[in-house]
Peer 1: 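Take a look at the following structure, please.
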Amino acid sequence: MNALPPLTRKLLRDLWRLRGQALAIALVMAAGVGMAVMSYGMMRSLDAARSAYYEGYSLAQVWVPLRRAPDSLARELAEVPGVAGVETRLSGAATLDLPGIAEPVLARLHSLPIQLNRVVLRSGRMPRAERPNEVIVSEAFAKAARLAPGDRLPALVYGKRIELVLVGTAISPEHVYAVAPGQIFPDNRRFGIIWMAREPLAAALDMRDGFNEVLLRLAPGASKQEVIRRADRISAAYGPVGAYGRDLDVSNRFLSSEIDQLRTMVQILPPIFLLVSAFLLNILLARLIDTEREVIGLLKAFGYRSAPIARHYAQLALLLSLGGVALGWVLGFWLGRGVALLYQAYFAFPALTFSAGADIYLGSAAMALAAVLAGAISAVWRAQRLTPAEAMRPPAPARYSSGPLSSRLVRLLPDEPSRMILRGFFRRPLRTIASVLGLAMALALYVASASSTDNVERLIQLVFERGQRADLALSFTEPRDGRVQRELALLPGVQRAETYRAVGAELVKGPHREREAVLGLPRGSALMRIVALDGTTIEPPPGGALISSQLARKLDIVAGDQIEVQVTEGQRQRFTLPITAVVDVPLGASLVIERGALNRLLREGDVASGAYLMTDPQQAPALFARLKQTPQVASVTVAANAVRGIRETIAESMGIVTLFNTLFAMLIVVGVTYTSARISLSELARDLASMRVLGYRKGEAGFVLVGEQALLALAALPLGLVLGMALSRYIASSFSSDMFMIPAAVSARTLAEGVLVVAVAAAATAVLVRRSADRLDLVRALKTRE
Amino acid sequence: MSERPAIYRTAGLTKSYGTAPTAVHALRGVDLTVHAGELLVLLGPSGSGKSTLLNILGGLDSATSGQAWFEDSEITALDADGLTEYRRRSIGFVFQFYNLIAALTARENVQLITDIAEDPMTPEEALALVGLEGRMDHFPAQLSGGEQQRVAIARAIAKRPQVLLCDEPTGALDSETGIRVLTALETVNREVGTTVMIITHNAVIADMADEVVHFADGAIASHTSNPRRKPPGELAW
Ligand SMILES: Nc1ncnc2c1ncn2[C@@H]1O[C@H](COP(=O)(O)OP(=O)(O)O)[C@@H](O)[C@H]1O
Ligand SMILES: [Mg+2]
C-alpha cells in the first residue's frame, strides 16, 4: 500500500468510503449492461439456432400447397430456374379423440420427410414401413397430452376413422412454434403435429397416386419471388395458387417477431439504466469534488498539475464502472441462460444455448463507458478548472438566494424543515431534475412492463368477450348447405348457432397482392362480431368490405378504394369490392363482407364454411362426444381453451420478465434514492447536527432528509405514470405484427402497483440513510468546518 | 452569590476517549457548581477539556464516570432521547463556527427554535436583542461573521433557555465584532437572567464574568469570583 502514489491511495480510500453509493451506481449500470448482453446475445443465439436448425434439417424455402397433383408436376417444378431441391409430400388435418381430453384434438398430418423438413427424433423410434399405422408426434404435444410410445390415437381423417399408434416423438424446423390454424398462442394439449408413412396417409386422404404439397429448396442467389411466381403458374391446374416462402410460414414468423421484440427491448431498457447511472455518477462526482475543492486547491498550490487531478477523478468513475460492467456481464450471461431455458419451453429447438460473442460483451462495455464519460465529464472538468486560490478561501455558508418565485413558494410552507427541503431543490435544480427523472424512469419501466399483462387481458376482452362471443368455433371439411345451422342447433347443449362463409382469395390492389381469407359474416350476429382496437363494434357493411388496417397497409389501400378479389377455391370467381372502412382489428378477420353478399358473389346459394356455437357448459362432454363423431367437422376451437392458452403463455413468459423488470425498477429507485440521500446527508450533516443540538428529535431532524426524498418521489410519480403509459403504448405498437395488434390498456391496478413499488423502495432506502443520520456524532459534525 | 440556587453540579466527572494504553483523558474528575443567573468564563489551553465539559453539561456528550446534575435531575443518567428533551427544553448553544443553516434566513433560523419551544420569544424580539432587527430576511451567506454569530445567539436565546453554553463564540471574529457579540451575551444574561457559560482562551474576556474557572489538563486549576463585572464595551484586545 505504501508503495502506491498518494493519489492512488486516495482513490482506493475514496472508493471504499463511497462504497455504498459506488455499489448502487455499479448495480444500475450492471442492469443496463446485463440487459444489453442478454438481449443482443439472445437475438443472436435465436438467429444462429434458427439458421443451424433450418440448414441442418433442410427446411424448405418455398411451400406449394395443392389440392392434388401428379408426379409430373414435381418434375416440372424441378426444372424451374433457381430450384435446387423438390420434395413432394402429403399433408392433411385430423381430429383425434384422446382419452382425458374432452374436446376433439386437432392435428396436422405430414407424410414422413425424406430430404426436406426433416425431423429430429426426441424419443422412441421412427415408424416402420411395414407397420402402416405407426406415427411419431411433436414432442410438446406428446408432453402436454401425456402421450407416450405405445399409446393408441383414434383419429378422424377426412371422414375416415383410423387408429394410429404412437412410436416416437420428434421436433421439426417447420414447427418450432406450433399453433393451430388461426391461433396465435400454442395450445399443445389440443394441437399437435403427426408424421406417418406416406402409403397409409395417402390411403386416408384418398390420394394414392399423387400428393398435395411440394416443398422447394432454392439454389443460392435464386429469386424466391420469381420461383413462387413460376411455381404458381405451373401448378395452377392442381389447386389454389398458393406457393409461399418462409416469410409467411407461421412458425418462422413468430420466431422473427420474437427477435424483433428483443430488439425493441434492447432499444429501451439498457439506455434507461445507463442514463440513470450516468446521472448518479455525475451527482456523486460533483459532490465529491465539491467537498474536496480545498484539497484540490492545495494540491495545485503544491505544484500538482491539473491533468493528474482530473485523471484522479476520472479514474474513480472508471474503476466504479468497471465493476458495473463486470457485474453486468455476469448478469447478462446468467439472464441469457435463463431466458434461453424459457424460450425452450416455447420454441422447439434441438438445442438453444445462449452465447453472446466477444463483440457483444465489448459493445456493452463501450456503451457503459460512454455513459460514464457523459456522467463524469462535467464534474471532472470542474476539478480541472479549480484554482489554488480555492484552498485559501474561507469557509462560507452555501449561497442561497431568494428568487421571486422560489421565495414566494417557500414562504407558503409552514415550517423551517420543509423550507430547507424546498430551498435545497431550488439551489441545485439539475440534481433535483435528475433524481426525479431517474425515479420517473423506474416507474415507467415498471408500468410498461407490468402492463403487458393488462394489454393481453384487453386483447382477450376485445376478441373473446366483445367480439367472438361463441363458446365454440367449428370449421367444416367442405362448404355445406346453410341449413346445417338448424342441425347444429339441435346438438346437445347448443343454445345458439350461427354460420359463416370463408373463402381463400388473392387480394389485388394495383401492384400489391396478398393472399388472405375473405370472411362472410351475418349482419346482426350475436356470436361473431368485428370489434376494433378501440372497443367499437362494426357490422359488415352492405355492398362493401371492411379491411384490417394491417392488410390495408400491405395493400396500400384506403377507405373508398376498390379491391380486386381473386378467389382461389371452387369456381375461382373474380370480383371487385369497394372498401368501406379500414379497421384496427386486434386479431384475425382481414377482409370482411356480409355473408349473403359473399354467397351471391360466389354464385352459390346459402352455403357455410363453419359455424359459431353458444353452448351450455354443463353439456359440453356430450356435445364434444358428438362432434368427435361428426366427419364433416374439420376443427373445433374452444374459446375458453384459447383464452387459457393465451393467459398461460403470457403468464409464463411475462411473469418472469415482469419480475425482473420489477427488480430492476426497484434497483433504479434504490440507486437513485440512496445516492441522492447519501449526498444530501453529507451536505446536510452540519445542519442536521445543528438541529439536533437545538433540541430537535431524531425523527424531526431526519425529516429533512426523508422528506426531501419523499418529495422527489412524489414529483416523479405523475411523470413516471405518464411516461410509463407512453412507453407501454410504444411497446404494444412495436410488438404488434401483421398477425395481431396489441391494444394499449394500462390498468389502474398496474399504475397503483407501480406507485407502490417506487414508494416502498424509495421509503425503505430513505429510512436506511436516515439511520446513518441518527447515528451522526453531533460534536464531530459541528467541529468540522464544512 | 450564595442566595442563588445551583443550576449545575458535577461530582468526579471524567471523560476518556479510546482504550487503556492509548486512552485520552479529556476530563479527570471535575467538581464544579454553577449558580443560576451567573455569567461564567472557562479559560484554559487548547486541549484542556473545556469543550468536553461544556458538551457533557449541554447534553451533547456523555461522561465516562462521575455525575452531573442540572437543577435536581441527573443528566449523566439520561439516555439519548432524554438528553434531546433536556436540550430542547433548557439549553441554548453558541459555537465558534455559528452553525447556521444556510438554507434558512436569519429569521427562519430563529424560527427553527421558536417552532419547537414552549414559551419562546418571537424571532423578531430575539433578533432585536442582538441588534439585528434590520437583517432578518438575509441568508447566512449574505451576513458578516459577527452578524452570523449574533443570529446564532438570537437562535440560542429565543426559547428563553435557562442556560446558554458558548464554545469560543468569538474565536473566529475580530476584536470589534467579538465585543459586539459578547455584549449581546451579556445583555441576555442581565436582562433575561439566563445563566451563561463562555469558553474562551482569551483571558481578557474573563473580566466580564461573575465567575472564572481555569482549566488545565482535564481538571479545574482554579475557580475565582470577580468582585465586579466589566461591561464588554470596556474590554480590549
Ligand atoms: N472524539 C474524540 N476522540 C478522541 N479524543 C478527543 C475527542 N474529542 C476530544 N478529544 C481529546 O480530548 C481532549 C480535550 O479536548 P477538548 O475538550 O476539545 O479541549 P478544549 O476544548 O479545551 O480545547 C483533547 O486532548 C482532545 O484531543
Ligand atoms: Mg474546545
Side-chain angles (χ1 to χ4, degrees), chain A residues 393-403 406-408 410-411 413-428 680 683-704 707-708 774-786, chain B residues 17 51-52 54-56 58-62 80-81 83-105 107-118 123 137-145 148 151-152 155-156 158-159 161 165 167-168 172:
Chain A
R393 206 180 63 184
R399 239 155 238 294
Y400 283 81
S401 63
S402 39
S406 61
S407 66
R408 204 162 309 150
V410 171
R411 295 259 157 70
L413 296 174
D415 62 308
E416 291 4 278
S418 307
R419 292 181 180 188
M420 290 168 68
I421 294 174
L422 205 61
R423 288 225 176 90
F425 288 156
F426 283 115
R427 197 172 80 86
R428 35 184 168 66
S680 287
E683 282 177 358
L684 289 173
R686 277 172 80 79
D687 287 356
L688 297 183
S690 289
M691 290 173 75
R692 299 271 292 118
V693 166
L694 293 175
Y696 273 73
R697 304 186 183 109
K698 283 177 181 172
E700 292 166 338
F703 166 78
V704 177
E708 179 184 70
D774 290 349
R775 286 194 299 266
L776 218 62
D777 180 337
L778 302 185
V779 177
R780 195 177 306 171
L782 293 176
K783 243 191 240 164
T784 54
R785 287 206 316 178
E786 222 280 24
Chain B
Y17 294 99
S51 297
T52 305
L54 213 68
N55 289 343
I56 293 173
L60 289 181
D61 209 345
S62 55
D81 290 338
L83 288 176
T84 301
E85 296 307 315
Y86 159 64
R87 290 199 301 271
R88 190 178 176 115
R89 249 180 301 114
S90 313
I91 307 298
F93 280 101
V94 177
F95 295 99
Q96 181 178 1
F97 296 116
Y98 335 133
N99 292 323
L100 294 182
I101 289 174
L104 299 177
T105 62
R107 187 206 308 264
E108 287 165 347
N109 262 286
V110 179
Q111 263 169 5
L112 203 54
I113 278 296
T114 58
D115 278 355
I116 62 167
E118 265 168 34
D137 291 319
H138 288 67
F139 285 96
Q142 300 163 322
L143 296 171
S144 73
Q148 287 183 54
V151 174
R155 187 175 70 175
K159 67 176 168 198
L165 303 176
D167 194 341
E168 305 201 24

Peer 1: Apply the test side chain to side chain contact (heavy atoms under 4.5 Å, CB included) to residues A:Arg697 and B:Glu85: give CA-CA distance (whole Å), side-chain angles for both, the deciding distance (0.1 Å), then the verdict.
Peer 2: CA-CA 8 Å; A:Arg697 304 186 183 109; B:Glu85 296 307 315; 2.4 Å; yes
Peer 1: Heavy-atom cut-off 4.5 Å, strictly under: side chain, backbone, both or neither for A:Arg692 against chain B?
Peer 2: both
Peer 1: List the residues meeting ring pair (Phe, Tyr, Trp, His ring centres under 6.0 Å) with B:Phe95, not counting sequence neighbours, and say none if there are none.
Peer 2: B:Phe93
Peer 1: Which of the residues A:Glu416, A:Lys698, A:Arg427 is involved in the greatest number of heavy-atom pairs with chain B at under 4.5 angstrom?
Peer 2: A:Glu416
Peer 1: B:Thr84 side chain to A:Gly695 main-chain N or O, any donor-acceptor pair under 3.5 Å?
Peer 2: no
Peer 1: Between A:Tyr696 (side chain only) and B:Leu112 (backbone N and O only), is there a donor and an acceptor less than 3.5 Å apart?
Peer 2: yes
Peer 1: Check whether A:Phe426 gets within reach of chain B through its side chain, its backbone, both or neither, counting any heavy atom under 4.5 Å.
Peer 2: neither
Peer 1: Quick one, A:Leu778 and B:Arg87 - any side-chain contact, counting heavy atoms below 4.5 Å?
Peer 2: yes
Peer 1: Can you tell me how far apart CG (B:Asn99) and CG (A:Asp687) are? Round to the nearest 0.5 Å.
Peer 2: 8.5 Å
Peer 1: Please find the pair of heavy atoms, one from B:Lys159 and one from A:Leu694, that lie closest to each other, and give the distance.
Peer 2: NZ-O, 3.4 Å
Peer 1: Mind checking what makes salt bridge (charged side-chain N to carboxylate O under 4.0 Å, His left out) contact with B:Arg107, not counting sequence neighbours?
Peer 2: B:Glu124, B:Asp137
Peer 1: Going from CZ on B:Phe139 to CZ on A:Arg423, what distance comes out if it is rounded to the nearest 0.5 angstrom?
Peer 2: 3.5 Å
Peer 1: Contact between B:Ile101 and A:Met420 at the side-chain level, heavy atoms closer than 4.5 Å - yes or no?
Peer 2: yes
